[in-house]
2 protein chains.
Amino acid sequence: MAMRKVVERQTGVALWRQIADRIRLAISNGDYDAAGMVPPETALAAEFGVNRHTVRSALAALADEGLVRAVQGRGTMIERKERVSYPISKRTRFSQGLGRQVKEIGTRLLGHAEMAATGEVAKALRIALGDPVIELRTVSSGDGRPLSVSASYYPANRFPRMAEDFAQLHSVTKAFAAHGLDDYVRVSTEIVARHADAEELSMLKLSPGAIVLEAQSVNADLDAKPVEYSRSRFAADRMKLRIET
Amino acid sequence: MAMRKVVERQTGVALWRQIADRIRLAISNGDYDAAGMVPPETALAAEFGVNRHTVRSALAALADEGLVRAVQGRGTMIERKERVSYPISKRTRFSQGLGRQVKEIGTRLLGHAEMAATGEVAKALRIALGDPVIELRTVSSGDGRPLSVSASYYPANRFPRMAEDFAQLHSVTKAFAAHGLDDYVRVSTEIVARHADAEELSMLKLSPGAIVLEAQSVNADLDAKPVEYSRSRFAADRMKLRIET
DNA sequence: CTCAAATGTCTATTGATCTAGACAACTATA
DNA sequence: TATAGTTGTCTAGATCAATAGACATTTGAG
């Protein structure tokens with residue numbers, strides 16, 4: 001018998017959303033693998049101690065995400081299960097890491113700009129405040145579903161053609177190579193979690209109210225000189241981060 | 001003039017909670033450092049395009065967390081700013097990493113049990129399903145504020161006195177040493193983010209509706225034999241994870 | 001002291017969320 | 001072909017979330 005699961009009221013997060021989050025987690029944990037379907041609505045309602053209608057709202061949200069599909073008379077089937085695991089290691093390369101997990105990987109350049117380095121960027125890249133940097137804004141998708149949005153910053157003096165090269169080569173690693181940098185390593189990564197803002201909701205096509213994992217990372221050349229600072233925001237319900245040390 | 005910030009309606013996350021999250025983030029980003037206080041309620045209401053009462057609900061939640069303090073006639077002052085940074089590296093040791101950031105570190109043992117290894121635990125520790133493991137449940141705090149709750153699992157055959165040793169020594173590293181294991185390294189860490197469940201809310205004293213960062217990690221001895229599997233859940237609004245490679 | 005600016009409190013109203021119950025429609029199985 | 005089990009739909013009422021407006025109270029500056 002499933003243990004009674006508790007949800008909290010008057011928290012500013014609607015019950016249906018809390019329950020949707022829990023069911024999503026249970027699916028990705030494989031709790032329902034035996035049957036391949038979610039428990040009946042009445043069972044879930046009893047489990048969470050709420051009305052069946054509340055469970056239906058939660059399931060409707062998950063159906064919207066394409067995670068489950070309800071069939072009248074039969075039940076609610078699981079359509080998709082796994083979170084994509086994004087590896088973070090000394091040599092983190094976006095497309096390589098996702099390799100086997102998704103068939104199609106796409107990174108789309110949303111825009112680029114040359115600008116003066118602000119405090120955070122200058123500090124991360126260890127350049128002077130106001131030094132020119134190139135900013136790239138990208139969205140990455142796996143099998144057509146957006147997985148992350150990023151803003152990346154490069155010192156413009158050292159990598160003047162970053163935007164053009166990236167637009168053409170579709171790869172940061174190759175764009176670095178075109179500037180004569182053949183290898184680089186991840187120096188540090190900081191991870192925080194928070195609710196997605198409106199821009200992230202629309203870019204990541206998230207069901208609103210969702211959570212993002214934000215990773216701020218610095219890559220450096222082999223002389224430990226920073227070459228890239230980036231802020232990547234991952235859709236937390238589609239991704240997990242895997243740290244390999 | 002501050003840019004108009006957008007919040008989404010009918011998402012299952014109340015506006016006041018979305019706004020509280022955004023203000024919390026702005027505080028930890030240092031956006032309000034110049035004045036040392038949050039903008040006036042009317043300014044925030046205009047910025048987010050909501051009623052002043054809605055902003056007041058958000059600020060009340062932040063005051064509850066001890067993050068801000070409102071003074072009639074003056075404004076709402078920032079009481080606390082930084083997130084604690086939790087380092088994850090090859091040799092991750094809980095108390096060392098937090099060293100300078102908090103004055104008092106405490107880890108309290110909530111309970112322990114000897115049990116048969118379930119699927120996930122057995123897989124992580126690379127032992128047979130049903131082999132005995134020792135489970136430790138702990139809460140860790142910094143300066144009196146709970147930062148994380150953990151469930152950790154150790155192969156009982158190799159570390160039979162883990163619970164007693166930990167209770168006495170207040171340190172996993174020392175408990176390992178008491179069993180003759182002097183060094184161990186972090187093999188892998190997986191990080192996901194989600195809304196806190198009721199148990200986490202109460203253990204971490206979170207303002208309900210909050211987000212947790214869950215890190216599932218495996219530590220191994222120098223022969224790469226796993227010695228610990230643990231699931232740590234961090235209060236996402238108080239912590240960031242720092243990965244050092 | 002006076003006044004502007006800020007937070008504190010109250011009432012009233014609207015819309016979203018949750019509960020409750022009843023019944024229809026569909027599916028698989030005995 | 002019944003029947004149990006499941007999802008789909010409808011109505012009604014209770015509670016929470018958000019808006020709107022008015023006014024009190026406190027603080028700091030001129």
Side-chain angles (χ1 to χ4, degrees), chain A residues 2 5-23 32 34-64 67-79 195 198 207-209, chain B residues 2 5-23 32 34-64 67-79 195 198 207-209:
Chain A
K5 292 177 183 167
V6 185
V7 283
E8 303 263 321
R9 289 149 198 272
Q10 297 167 30
T11 64
V13 179
L15 294 182
W16 63 263
R17 171 146 293 284
Q18 296 183 53
I19 291 168
D21 287 341
R22 301 281 289 272
I23 295 174
Y32 305 140
M37 41 197 333
V38 171
E41 293 169 355
T42 47
L44 289 169
E47 193 176 336
F48 288 106
V50 301
N51 192 274
R52 178 175 155 235
H53 293 294
T54 309
V55 168
R56 282 179 61 75
S57 299
L59 291 174
L62 296 177
D64 248 25
L67 208 64
V68 300
R69 187 167 47 89
V71 177
Q72 189 171 3
R74 290 183 63 194
T76 302
M77 272 149 293
I78 294 170
E79 295 280 275
H195 284 122
S207 62
Chain B
K5 293 176 182 169
V6 185
V7 284
E8 305 261 322
R9 288 150 197 271
Q10 294 167 35
T11 64
V13 180
L15 294 183
W16 63 263
R17 171 146 293 284
Q18 297 183 51
I19 291 169
D21 288 341
R22 302 279 290 272
I23 295 174
Y32 305 139
M37 36 194 342
V38 171
E41 294 169 354
T42 47
L44 288 170
E47 193 176 337
F48 288 104
V50 300
N51 193 275
R52 178 175 155 236
H53 292 296
T54 308
V55 169
R56 283 178 62 74
S57 299
L59 290 174
L62 296 178
D64 247 26
L67 208 64
V68 300
R69 188 166 48 87
V71 178
Q72 189 168 2
R74 290 182 63 195
T76 302
M77 272 148 294
I78 294 169
E79 294 280 277
H195 285 121
S207 62

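A quick note: this is a predicted structure, and the numbers were derived from the prediction, not measured. The basis for the numbers below is simple: all heavy atoms, side chains too, and nothing from hydrogens, waters or symmetry mates. Naming: A, B, ... by sequence-line order, numbering from 1 per chain.
- Shown are Gln18(B), His195(B), Arg17(B); of these, the side-chain hydrogen bond (donor to acceptor under 3.5 Å, both in side chains) with His195(A) is made only by His195(B).
- Summarising the geometry, the separation between CG on Leu44(B) and P on dA18(D) is reported as 16 Å, rounded to the nearest angstrom.
- Residues meeting the side chain to side chain contact (heavy atoms under 4.5 Å, CB included) test with Ala43(B), sequence neighbours left out: Pro39(B), Pro40(B).
- With DNA chain C read from its 5' end, the first of the two nearest nucleotides for Val71(A) and Leu59(B) is the one closest to Leu59(B).
- Between the CG atom of Leu15(A) and the P atom of dT17(C) there is a distance of 11 Å, given to the nearest Å.
- Of the residues Ile23(A), Ile78(A), Asp21(A), the one that meets the side-chain contact (heavy atoms from CB on, under 4.5 Å) test with Leu62(A) is Ile23(A).
- Residue Ser57(B) is out of contact with every strand shown, counting any heavy-atom pair closer than 4.0 Å.
- Between Arg56(B) atom CZ and dA20(D) atom C1' there is a gap of 15 Å when expressed in whole angstrom units.
- Between Arg56(B) and Thr54(B) there is no side-chain heavy-atom pair separated by less than 4.5 Å.
- Side-chain contact between Arg52(B) and Thr42(B) is present, with at least one heavy-atom pair separated by less than 4.5 Å.
- The salt bridge (charged side-chain N to carboxylate O under 4.0 Å, His left out) test applied to Arg74(A) returns no partner, not counting sequence neighbours.
- Atoms CZ (Arg74(A)) and P (dT3(D)) sit 24 Å apart, rounded to a whole Å.
- Dashed line: the shortest gap from a side-chain N or O of Thr76(A) to OP1 or OP2 of dT7(D) is under 4.0 Å.
- Contact check for Thr76(A) versus Arg69(A): no side-chain heavy atoms found under the 4.5 Å cut-off.
- Rounding to whole angstrom units, CE of residue Met37(A) and C1' of dT7(D) are separated by 10 Å.
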Polar-atom pairs under 3.5 Å, protein N or O versus N or O of nucleotides 21-25 of chain D: list them with distances, or write none.
residue : atom : partner  : partner atom : Å
dG21(D) : O6   : His53(B) : NE2          : 2.4
dT25(D) : O2   : Gln72(B) : NE2          : 2.5

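- For the helix from dC1(C)-dG30(D) to dA30(C)-dT1(D), the end axes, each set by the C1' atoms of five terminal pairs, are bent relative to each other by 20° (nearest 10°).
- Two residues are said to be in side-chain contact when any heavy atoms from C-beta on lie closer than 4.5 Å; Val71(B) and Met77(B) meet this criterion.
- Counting to the nearest Å, the P atom of dA17(D) and the CH2 atom of Trp16(A) are 14 Å from each other.
- Between Gln18(A) atom CD and dT17(C) atom P the separation is 13 Å, expressed in whole Å.
- For Arg69(A) and dT6(D), the CZ to C1' distance is 15 Å, given to the nearest whole Å.
- Partners of Gln72(A) according to the side-chain hydrogen bond (donor to acceptor under 3.5 Å, both in side chains) rule, which considers only residues two or more places apart in sequence or in another chain, do not exist here.
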